[in-house]
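Input: a single structure, listed below in structure tokens.
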Amino acid sequence: MAETINGMKRTCMCAELGEQDVGKSVTLMGWCHKCRDLGGLTFITLRDRTGEIQLVITPDNAEEIRTKAAKVRSEDVLAVNGSVQLRSAPNDKMKTGKIEIAVDELRILSESETPPFYIEEDDNANEQLRLKYRYLDLRRPNMQRNLITRHKIAKSARDYFDEKGFIEIETPMLGKSTPEGARDYLVPSRVKQGSFFALPQSPQIYKQLLMLAGYDRYMQIAKCFRDEDLRADRQPEFTQIDLEMSFVDCDDVMNVTEGFVAKVFKDVLDITIEQPIRRITWQEAMDRYGSDKPDLRFDMELKDITDAVKDIDFVVFKSAIEAGGTVRCVTVPGGSSFSRKEIDALGEVCKTYKAKGMAWIVPSAEPRGSFLKFLKPEDIANIKAAAGANDDDLICIVADKNSVVWAALGALRIAAADKLGLIKKDDFKLCWVTEFPMFEYSEEEGRYMAMHHPFTMPMDEDLDFLESDQGKVRSKAYDIVLNGCELGGGSIRIHDHDLQMRIFKLLGFTEESAEEQFGFLLNAFRFGVPPHGGLAIGLDRMVMLMGGCQSIRDVIAFPKVQNSSDLMTEAPAPVDDKQLEELGIKVAVQESNQE
RNA sequence: GGCGCAGUAGUUCAGUCUGGUUAGAAUGCCGCCCUGUCACGGCGGAGGUCGAGGGUUCGAGCCCCUUCUGCGUCGCCA
């Protein structure tokens, strides 16, 4: 039977105590981390959020306490009163290893069943199990550290933006489903049956309307929802540090963001970020790194070798060039030592991204390669020069349309760097990627889509191409990238009714459909809109990267798994017919498909 | 939807390629002993739907098919 806390009051936390407290009487509460019963002597390691401390029960203690101490098991919740004393045998590995608590009173406030896995620093249990018993997993010190880091970053954000004159304003969770973008999570209306709210993919339109309303510096730590497939760095519900400013252009938003990022790194990791953060255009990012989120912790840049190979009689290259594509390469330093198997593995990486294959060559005195029979000695020299390669390097070549070449080589670059151990975990390399294309062509939709979102302002100098050459139009959008991960992004927004209508039209909206979907916004735009822009930073990703975590799940208290379900609560789950009836909803799928 | 990896005591894993007695180890758990442990120690014990279903075989944890679950990834993510 559990004992009550009645009359006992916690006086301090476990790891707060030190040598200076010797002689003090304290009351501690926490979990039994481990027991060591030596017969006459019993040691209990007590754990709370701050750390651990050793309790000792000796033959001098009353029989009742000794019996009780012998009954204590891992993860029981204990309350103890006792005095701090120096240990006769200190433990250097423990923060509180010089002292211990000589117990005067011991209560077992709650008994624990044997836990399904040990509560310890490293995650030694299978993630499935950890997530089912998330509340136990969260007892682990490194999970607690992650959530505390998260708290610190959020606090740092609120402090920084408050100081800069931003106002935190909440926006609705129940909003209107809008076309474009990710799949919405829908919430049925009971009052208006057959109609649905959508959970926000981001507070985008609301924050723009707040600018229009005159709150010229807004921020919010906002929950966002996107019903898309998950990844190691993507959850269906996630948190953004969202901001918007009036009367600004790109530089203003980027500068205020840089200040924030620098402050967070200083506050949380005591790392000084070099400012200004390097800026590269989207075009340059693609050309040099094959990615719009380049990892700048290592080199191995892509090189365009189209000119060097255009006269080679190799059909793979020829056909790619004739179709308007390019031939590019990544040079893997020292890659001549790679086995055939290792090289093939790099080829497989390329194929994942739709490349038909990967040609390779080691341009040494006795060259090796996958297409040597097509090459004259001067061809090899030309490729070597164009790639900037050395004799013992491996030149990996992909020929295709640019989008495929970039994607394949961008991925190859990372895979090779990872293999060579060039990616340092404790290194933080930030950059801005700017001048994104305004539109990208969707094969699936058969039309141009907004690359950022439909409210993004085109670059002033490209406005004239809007109707004539959409692929050429760049936007006032910018992403902030940390170690090859998109940390955040934003843009300057359109604040002109007519320009917004032009963009909607280009995206395939008719006047009527634009009115129907975004009428409230277009209407608002008739009442004086300040030029504005903003950005959102992925809080989860920021915590993940700064905390050195491999998965975003490790920085979210109760995350979802790959099929968007929660292994602990088993959500989503069927609901009562009565609930559905009230909502006017009939489920069309068979029950077997639901589970 | 595609591709890849994984699933065996409570837990972490070995065993699977090459089918063959009663499926092992470590740790945890239970009992007894133990006065300075901290990965306490000693002795003893319990603990298995080898993810599930089907097939091949005299015989399947192991081979084949289907399926479920988790992870990574492509597509998708304005």
Side-chain angles (χ1 to χ4, degrees), chain A residues 33-45 52-61 66 70 73-75 85-94 96-97 100 102 113-120 122-133 136 178-184 201-202 204-205 224-236 238 345 348-355 407-408 411 415 436 438-440 442-445 448-456 475 477 486 489-491 503 507 517 536 538 550-551 553 560-563 565 567 592 595:
Chain A
H33 189 64
K34 209 148 203 187
C35 296
R36 287 175 298 280
D37 185 350
L38 275 60
L41 274 179
T42 301
F43 297 101
I44 296 173
T45 310
E52 297 166 359
I53 194 164
Q54 174 166 286
L55 314 176
V56 60
I57 293 98
T58 71
D60 296 339
N61 281 108
R66 284 187 288 133
R73 293 292 176 268
S74 288
E75 302 309 315
Q85 64 184 26
L86 279 175
R87 289 201 201 184
S88 54
N91 180 356
D92 298 339
K93 289 182 217 153
M94 249 175 114
T96 58
E100 64 190 357
E113 285 185 15
T114 303
F117 51 86
Y118 325 134
I119 311 302
E120 56 182 22
D122 297 322
D123 51 340
N124 50 10
N126 168 324
E127 192 168 11
Q128 217 166 334
L129 197 69
R130 288 173 53 205
L131 290 174
K132 180 173 176 188
Y133 298 95
L136 297 181
T178 51
E180 304 267 314
R183 198 173 293 116
D184 283 322
Q201 295 178 28
S202 83
Q204 183 59 37
I205 297 178
C224 304
F225 305 84
R226 294 179 190 175
D227 187 4
E228 298 291 349
D229 287 350
L230 284 72
R231 288 287 186 282
D233 63 352
R234 259 163 46 188
Q235 281 274 306
F238 60 101
E348 287 305 312
V349 170
C350 294
K351 283 184 187 168
T352 307
Y353 294 83
K354 300 276 184 333
F436 276 78
M438 181 81 185
F439 304 101
E440 65 189 331
S442 163
E443 306 278 350
E444 194 185 331
E445 301 272 328
Y448 277 100
M449 313 263 291
M451 194 157 180
H452 187 52
H453 56 55
F455 318 111
T456 304
S475 66
E486 182 192 332
S491 62
I503 299 294
L507 293 173
Q517 303 290 350
Q550 297 300 307
S551 162
R553 293 183 298 279
K560 308 278 190 285
V561 296
Q562 207 164 57
N563 66 8
S565 66
L567 296 181
S592 60
E595 300 180 295

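Each chain gets a letter, A, B and so on, in the order the sequences are listed, and its residues count up from 1. The basis for the numbers below is simple: all heavy atoms, side chains too, and nothing from hydrogens, waters or symmetry mates.
- Nucleotides B:C13 and B:A23 are separated by 14 Å at their C1' atoms, to the nearest Å.
- Here B:C38 presents its C1' atom at 14 Å from CD of A:E120, a figure rounded to the nearest Å.
- When the C1' atom is compared between B:C17 and B:A26, the two are found 25 Å apart, to the nearest whole Å.
- Heavy atoms of A:S88 sit under 4.0 angstrom from at least one base atom.
- Under 3.5 Å, the side chain of A:R130 and the base of B:U11 form no donor-acceptor pair of N or O atoms.
- Residue-level contact check: A:L129 touches the backbone only, with heavy atoms under 4.0 Å from sugar-phosphate atoms and none from bases.
- Judged by distance alone, with hydrogens and angles left aside, A:R234 brings a side-chain donor or acceptor within reach of the base of B:C77, the pair sitting under 3.5 Å.
- Considering only side-chain atoms of A:Q128, the nucleotide from B:A39, B:G36, B:G70 that sits closest is B:G70.
- Atom pair A:Q562:CD and B:G7:C1' shows a separation of 15 Å (rounding to whole Å applied).
- A straight line from CD of A:Q201 to C1' of B:C76 spans 12 Å, rounded to a whole angstrom.
- For A:R36, no side-chain nitrogen or oxygen approaches OP1 or OP2 of B:U37 to under 4.0 Å.
- The nearest pair of heavy atoms linking A:P115 to A:S74 is CD-O, 4.5 Å.
- Here the side chains of A:Q517 and A:E180 are not in contact, with every heavy-atom distance at 4.5 Å or above.
- Atom NZ of A:K93 is separated from atom P of B:U37 by 12 Å (rounded to the nearest Å).
- Between B:C30 and B:C71, the two P atoms lie 32 Å apart (nearest whole Å).
- Using a 4.0 Å heavy-atom cutoff across all strands shown, A:L507 reaches no nucleic acid atom at all.
- Here the side chain of A:N563 is nearest to one of B:A39, B:G70, B:C38, namely B:G70.
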CA sep, side-chain torsions, deciding dist, call: A:M438, A:I503, side-chain contact (heavy atoms from CB on, under 4.5 Å)
CA-CA 10 Å; A:M438 181 81 185; A:I503 299 294; 3.8 Å; yes
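- To the nearest 0.5 angstrom, A:R183 atom CZ is 4.5 Å from A:E228 atom CD.
- Here B:G36 is the nucleotide among B:G36, B:U27, B:C76 with the atom lying nearest to any side-chain atom of A:L41.
- For the pair A:L230 CG and B:G75 P, the computed distance is 16 Å after rounding to whole Å.
- Separating the CD atom of A:Q550 from the P atom of B:U73 is a distance of 11 Å, rounded to the nearest angstrom.
- In a base pair of the Watson-Crick type (N1 to N3 plus N6-O4 or O6-N4) or a G-U wobble (N1-O2 and O6-N3), with each distance short of 3.5 Å, B:U11 is matched with B:A26.
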Please lay out, stage by stage, how A:D184 and A:Q201 fare under the test side-chain contact (heavy atoms from CB on, under 4.5 Å).
CA-CA 7 Å; A:D184 283 322; A:Q201 295 178 28; 2.6 Å; yes
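- The 12-atom threshold is exceeded at NZ of A:K560, counting heavy atoms of other residues, nucleotides or ligands nearer than 6.0 Å.
- Across all strands, A:T58 comes closer than 4.0 Å to no nucleic acid atom at all (heavy-atom distances).
- In the set B:G70, B:C71, B:U73, the nucleotide with an atom closest to the side chain of A:R553 is B:C71.
- B:G10 and B:C29 have their P atoms separated by 14 Å, given to the nearest Å.
- Side chain of A:A89, nearest nucleotide from B:C38, B:C74, B:G70: B:C38.
- In this structure, OH of A:Y353 is placed 7 Å from P of B:G75, rounded to the nearest angstrom.
- Of all the heavy atoms in A:V56 and A:N61, the pair that sits closest is O-OD1, 4.3 Å.
- In the set B:A39, B:C38, B:G72, B:A39 carries the atom at the smallest distance from any side-chain atom of A:K34.
- When the P atom is used for both B:G53 and B:U69, the distance is 16 Å, rounded to whole Å.
- Looking at A:R231, its side chain comes within 3.5 Å of the base of B:G75 through a donor and an acceptor atom.
- The P atoms of B:U18 and B:C62 are separated by 14 Å, rounded to the nearest whole Å.
- Using Watson-Crick or G-U wobble geometry with both donor-acceptor distances under 3.5 Å, B:C50 finds no partner in any strand shown.
- With B:U11, B:C38, B:G70 as the candidates, the nucleotide lying closest to the side chain of A:N91 is B:C38.
- Across the strands present, B:A39 finds no partner; the criterion is a Watson-Crick or G-U wobble pair with both atom distances under 3.5 angstrom.
- Spacing of P atoms, B:U49 relative to B:U11, comes out at 11 Å, to the nearest Å.
- Spacing between B:G7 and B:G61 at atom P, rounded to whole Å, works out to 16 Å.
- No N or O donor and acceptor, one from the side chain of A:R226 and one from the base of B:C76, sit under 3.5 Å apart.
- Atom CG in A:D37 sits about 14 Å away from atom C1' in B:G42, given to the nearest Å.
- Side-chain atoms of A:N126 lie closest to B:U12 of the nucleotides B:C30, B:G28, B:U12.
- Counting heavy atoms from C-beta outward, A:T45 and A:R36 have side chains that approach closer than 4.5 Å.
- With both pairing distances under 3.5 Å, B:G4 is matched to B:C71 as a Watson-Crick or G-U wobble pair.
- A:P116 comes within 4.0 angstrom of sugar-phosphate atoms only, judged by non-hydrogen atoms across all strands, and of no base.
- Across all strands, A:E100 comes closer than 4.0 Å to base atoms (heavy-atom distances).
- In this structure, the aromatic ring of A:F43 is positioned over the six-membered ring of the base of B:U37, centres within 5.5 Å and planes within 30°.
- For A:D229, counting side-chain heavy atoms from C-beta on, the closest listed nucleotide (B:C76, B:A39, B:U11) is B:C76.
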